[in-house]
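Some notes on the structure that comes next.
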Amino acid sequence: MTAPPATPRHVAIIMDGNGRWAERRHRPRAFGHRAGQKAVRASVRACRERGIPTLTLFAFSSENWQRPREEVGALMDLFLRALDSEVDELHSAGVRLDFIGDIGAFAPALRERMQAATLRTAGNATLTLNIAVNYGGRWDITQAARRLASEAAAGRLVPDDIDEPTFAARLALAGLPPPDLLIRTGGEHRISNFLLWQLAYAELYFTETLWPDFDAAALDAALEDYARRERRFGRTGNQSRARA
Ligand code: IPE
Ligand code: IPE
Ligand code: MG
């Protein structure tokens, strides 16, 4: 018997290809980043409509600071303006907004808006939307290790208490199910230091579509592909089909 099409509980997206989208139009890269905002809105709406409870978007990596100053500046500007223009609508749609990453590196105005948006939407339950900013998977694992070491130094735990669940509880996205499906737009087949721990068993989906062109139909193509996957988690095919 074929299992009914599975809906992922958590979709994570590496939103890549804004720069190339703009360059193809002979426009500055920032134009592509602005166009990407529309794809963010479309994905959030599509996830809500399809009953996907958690969406995590990679917006700015810990490595993206190395880009030209004007591009980083344009991205910071865009984040600031998006926080001012989008939060009302997200809030009325019941979206709980959260930010993962090393937020301390951002300008105070940006940090304050992120914190305000998180607080304001904390009670919402339709969709949890995590935006990864100044995020790196290695940073995430390192900060969890640092927290465990401080707790051990303070006598609140002993090294033998550290197992996978205690470690995971100190990582970004703690308390949420790990991503079932990772989508990367823009044609590259790599993780680029996204959720290294949390993606251990995610199904990976790569598409040539550039992020500004990503829409509900593109999400549906990814979801259809996902529904055909057999997730075995180390077991044999027979074992996993018997459990389904
Ligand atoms: C993704 O698009 C957005 C960020 C990394 C901030 P890119 O800007 O990486 O676009 P390409 O890969 O250069 O086309
Ligand atoms: C990954 O895209 C980061 C984000 C989408 C925010 P990049 O464009 O930075 O990745 P690389 O440099 O091609 O690996
Ligand atoms: Mg890129």
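First listed ligand is number 1; within each ligand, the first listed atom is number 1.
Proximity of R67 to ligand 1, defined as any heavy-atom pair under 4.0 Å, is confined to the side chain (atoms from C-beta onward). Of all the heavy atoms of A59, the ones lying under 4.0 Å from any atom of ligand 1 belong exclusively to the backbone.
Nearest protein heavy-atom neighbour of atom 13 (O) of ligand 2: R190 NH2, 2.8 Å. Protein heavy atom at the shortest distance from atom 10 (O) of ligand 1 is G19 N, 2.9 Å. Of all protein heavy atoms, the one closest to atom 14 (O) of ligand 2 is S192 OG, 2.6 Å. The protein atom (non-hydrogen) at minimum distance from atom 5 (C) of ligand 2 is M15 O, 3.5 Å.
Partner E203 forms a salt bridge (Lys or Arg N to Asp or Glu O under 4.0 Å) with one of R231, R184, R228 and no other, that one being R231. Of the listed residues (T209, D16, V11), just one forms a side-chain contact (heavy atoms from CB on, under 4.5 Å) with I183, and that residue is V11.
The shortest distance between side-chain heavy atoms of P179 and Q198 falls below 4.5 Å. Side-chain contact between I13 and F58 is absent, with no heavy-atom pair separated by less than 4.5 Å. Side-chain contact check for S43 versus L219: every heavy-atom pair is 4.5 Å or farther apart. With a 4.5 Å cut-off on side-chain heavy atoms, Q37 and E86 count as touching.
Here's the thing with N18: one of its N/O atoms is less than 3.5 angstrom from an N/O atom of ligand 1. The N/O atoms of R184, backbone and side chain alike, include one that comes under 3.5 Å of an N/O atom in ligand 2.
Within D16, the N, O or S atom lying nearest to the Mg ion (ligand 3) carries the name OD1.
Among N64, D16, L210, the residue whose heavy atom lies nearest to atom 12 (O) of ligand 1 is D16.
Aromatic ring orientation, Y135 versus W139: perpendicular (interplanar angle above 60°, classes split at 30° and 60°).
Classification of D220 and R50 as a salt-bridged pair holds, one side-chain N sitting under 4.0 Å from a carboxylate O.
In summary, the aromatic rings of F106 and W65 are positioned with their centroids under 6.0 Å apart.
Close approach of ligand 1 to R29 (heavy-atom distance below 4.0 Å) involves ligand atoms 7 (P), 8 (O), 10 (O), 11 (P), 13 (O). Distances below 4.0 Å separate heavy atoms of F60 from the following atoms of ligand 2: 6 (C). The atoms of ligand 1 that sit less than 4.0 Å from any heavy atom of R20 are 11 (P), 12 (O), 14 (O). Close contacts between ligand 2 and I14 involve ligand atoms 1 (C), 5 (C) [criterion: under 4.0 Å to a heavy atom].
Within the 4.0 Å heavy-atom shell around ligand 1 one finds G17.
The cationic atom of R25 (NZ for Lys, CZ for Arg) lies less than 6.0 Å from the six-membered ring centre of W21 and within 45° of the ring axis.
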